[in-house]
Amino acid sequence: VAADGTFVESVPRLHRSIEKTLTMYAWGDERRYNSYSGYFRRIFGSRVQKLSVNAGFTCPNRDGAVGHNGCTFCRNDAFTPSYCSSEKSIRQQLLEGIEFHRNRYRSAEHYLAYFQSFSNTYSSLDRLKRLYAEVFEVPDVVGIIVGTRPDCVDEEKLDFFAELSQRHYVSIEYGIESCYDSTLRAINRGHDFAAAVRAVEMTAARGLSVGAHFILGLPGETQQMLVDQMALINAMPLTTLKFHQLQIFRGTSMAVQYAEHPEQFHFWSMEAYIDFVIDLLERMRPDVVLERFASEAPPRFQAGPTWGLVRNEQLWSRFERRLAERDTYQGKFY
C-alpha cells in the first residue's frame, strides 16, 4: 500500500505471484510447467534418456478379443524409431538405442526402456516376468515405461509391476485418448472412460507412476469439450500426462473418413495449437508432469494437414516462449 493509502499491488495479483514462485520452486526448475526432465532430475539427480523397445506385443483391438481393425487413428510404425524391431532381442534394441543416444545426447547417464508399440501388458504374467527381467541385464538401464491399454491390466499384473518398482523405476502409461464415451466408440477404441479411471486408480494405489495419453482434435470434440475434460483428467491420480494433436495417417480408417468427410475435422495451426494447450495447462493440476504436448510423424505417413518438418525441441522452445509472453504457468486457474 502506498503512503497515500492506495493499493500498489492487488492482493489477488500478489497471491498469484507468490503461488507461481512457490510452485516453480517445488518443481525444482525455472520452467513455467512441471517438466518431464525436471521430474527425472528430482528422482535420479541427472538426465535420463528413454529408449523405445518393440517387444512384439499385439492388441486386443486387433486380434479379435475386442476387435479386428484397431483404433481408427492407429498406425504404429508412424511413431516407432527405426532401430526398434521385434525381430531383435530386447537387449539388442536397448544396446543399439544406447549407442545412438550416446552419440547424440552425451549428457545422458541413465536410460529407461520404453515399451511403446501396441499393448505391452497384453500377455501372460509368466511372459511379462521373463520379458521385463531381460531389461535389467543391460547396464545403465534403471527403469521401464510400459505403454498399454486400460483393459489390458489386472490385479496380478499390477502386483508384479509394484514388486518390480521396489528395485527399479516403473511407470505404466495408458492410452486413454478421450474422456468422452461417444468419442471412444467413434474411434473404435474398445473400452469406455470408466475402464481408464479404474486402471489408473488401481495402478496409483500400488504406488506406481502412472501416465496417460490424450489426443486433441478427435472428430466430434469441440475446444470447449477439451477444456471441460481437464476436470476429469485432474480428478485421476496421474503422475505424467501426454497430449498429442490429431494426425491423420495413411492406411488408417480415419484417413478414409477424412477423405470422405473433411468437414468433420478441425486442425490447428502450430501457433493456435500452442495457445490452446497453454489454456489447458493453466487448468492442469500443478503436481502432474507434462511429458509431451505435441508430436509430428514423418511426412510419408501423413494424410492430413501437417506443420512441416519441425523438431520436438523447436516445439518446446516455442511453447516456453509463448508461456513467457502470456506470463502464465501450469495450474494458474486450477
Side-chain angles (χ1 to χ4, degrees), residues 36-37 39-41 43-60 62-63 74-149 152-154 156-175 203 206 208-211 213 239-240 242 291-292 295 297-298 312:
Y36 200 49
S37 58
Y39 166 67
F40 281 120
R41 277 195 299 272
I43 295 174
F44 295 106
S46 62
R47 190 180 185 280
V48 178
Q49 178 64 51
K50 289 198 303 185
L51 306 173
S52 293
V53 175
N54 185 341
F57 286 95
T58 183
C59 171
R62 290 177 177 271
D63 70 0
C74 185
R75 179 166 178 177
N76 228 267
D77 57 344
F79 51 84
T80 302
S82 58
Y83 62 79
C84 292
S85 170
S86 59
E87 296 177 359
K88 302 175 184 176
S89 69
I90 301 299
R91 179 182 177 83
Q92 183 180 353
Q93 290 181 65
L94 289 172
L95 290 174
E96 290 180 10
I98 289 172
E99 183 65 23
F100 172 81
H101 285 286
R102 275 183 176 158
N103 292 332
R104 186 174 181 182
Y105 304 108
R106 297 182 183 275
S107 60
E109 296 180 16
H110 303 292
Y111 298 90
L112 302 171
Y114 178 28
F115 289 80
Q116 180 179 14
S117 299
F118 298 109
S119 303
N120 293 273
T121 58
Y122 187 49
S123 189
S124 69
L125 181 58
D126 286 342
R127 185 192 172 203
L128 297 183
K129 288 180 177 180
R130 291 194 303 272
L131 179 77
Y132 291 112
E134 187 178 346
V135 170
F136 299 107
E137 297 172 2
V138 178
D140 300 326
V141 175
V142 294
I144 57 173
I145 302 170
V146 181
T148 192
R149 288 167 53 97
C152 291
V153 295
D154 55 35
E156 272 193 316
K157 290 175 182 176
L158 291 175
D159 285 344
F160 159 65
F161 286 118
E163 192 275 332
L164 194 62
S165 73
Q166 301 302 308
R167 302 183 302 280
H168 309 284
Y169 175 83
V170 178
S171 178
I172 310 298
E173 180 181 291
Y174 293 107
T203 307
R206 288 165 168 78
L208 290 162
S209 169
V210 54
H213 176 276
T239 311
T240 63
K242 284 182 178 178
E291 181 176 351
R292 291 192 73 113
S295 70
N312 188 50

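FYI, side chains are in, hydrogens and waters are out, and symmetry mates aren't considered; it's all heavy atoms of this structure.
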Can you name the nearest heavy-atom pair linking [X] to [Y], along with the distance?
{"X": "Ala55", "Y": "Asn120", "answer": "CB-OD1, 4.4 Å"}
{"X": "Thr58", "Y": "Phe118", "answer": "O-CB, 3.5 Å"}
{"X": "Lys157", "Y": "Ser123", "answer": "NZ-O, 3.0 Å"}
{"X": "Ile145", "Y": "Lys50", "answer": "CD1-CD, 3.2 Å"}
{"X": "Tyr122", "Y": "Cys59", "answer": "CE2-C, 3.7 Å"}
{"X": "Ile144", "Y": "Phe136", "answer": "CG2-CZ, 3.8 Å"}

Main-chain N/O of Leu94 paired with Lys88 side-chain donor or acceptor, under 3.5 Å
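Not at all, since once roles are kept as given, no pair shorter than 3.5 Å links the two residues.
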
Mind checking whether [X] and [Y] have side chains closer than 4.5 Å, heavy atoms only?
{"X": "Val138", "Y": "Ile98", "result": "yes"}
{"X": "Leu95", "Y": "Glu99", "result": "no"}
{"X": "Leu51", "Y": "His101", "result": "yes"}

Taking atom [atom1] of [X] and atom [atom2] of [Y], what is their separation to the nearest 0.5 Å?
{"X": "His110", "Y": "Gln49", "atom1": "NE2", "atom2": "CD", "answer": "13.0 Å"}
{"X": "Thr240", "Y": "Arg292", "atom1": "OG1", "atom2": "CZ", "answer": "12.5 Å"}
{"X": "Ser209", "Y": "Ile43", "atom1": "OG", "atom2": "CD1", "answer": "7.0 Å"}
{"X": "Arg149", "Y": "Ser119", "atom1": "CZ", "atom2": "OG", "answer": "5.5 Å"}
{"X": "Glu156", "Y": "Ser124", "atom1": "CD", "atom2": "OG", "answer": "10.5 Å"}
{"X": "Arg47", "Y": "Tyr111", "atom1": "CZ", "atom2": "OH", "answer": "8.5 Å"}

Set of residues satisfying side-chain hydrogen bond (donor to acceptor under 3.5 Å, both in side chains) with respect to [X], sequence neighbours excluded:
{"X": "Lys242", "answer": "Tyr114, Glu173"}
{"X": "Asp159", "answer": "Arg206"}
{"X": "Glu163", "answer": "Arg167"}

Pairs flagged by side-chain hydrogen bond (donor to acceptor under 3.5 Å, both in side chains) wherever residues 131-148 is involved - sequence neighbours left out:
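As it turns out, the side-chain hydrogen bond (donor to acceptor under 3.5 Å, both in side chains) pairs with a partner in residues 131-148, which skip direct neighbours, are Arg102-Asp140, Thr121-Thr148.
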
Taking only residues two or more places apart in sequence or in another chain, which ones pass salt bridge (charged side-chain N to carboxylate O under 4.0 Å, His left out) with Arg91?
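Applying salt bridge (charged side-chain N to carboxylate O under 4.0 Å, His left out) to Arg91 gives none.
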
Strictly under 6.0 Å, is that where the ring centroids of Phe57 and Phe115 end up?
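They do not qualify: ring centres at least 6.0 Å apart.
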
Just say parallel, tilted or perpendicular for the rings of Tyr36 and Tyr39, cut-offs at 30° and 60°.
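Tyr36 and Tyr39: parallel rings.
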
Applying ring-ring contact (aromatic ring centres under 6.0 Å, His included), name anything that partners Tyr174, two or more places apart in sequence or on another chain.
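Listed in chain order: nothing, the list is empty.
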
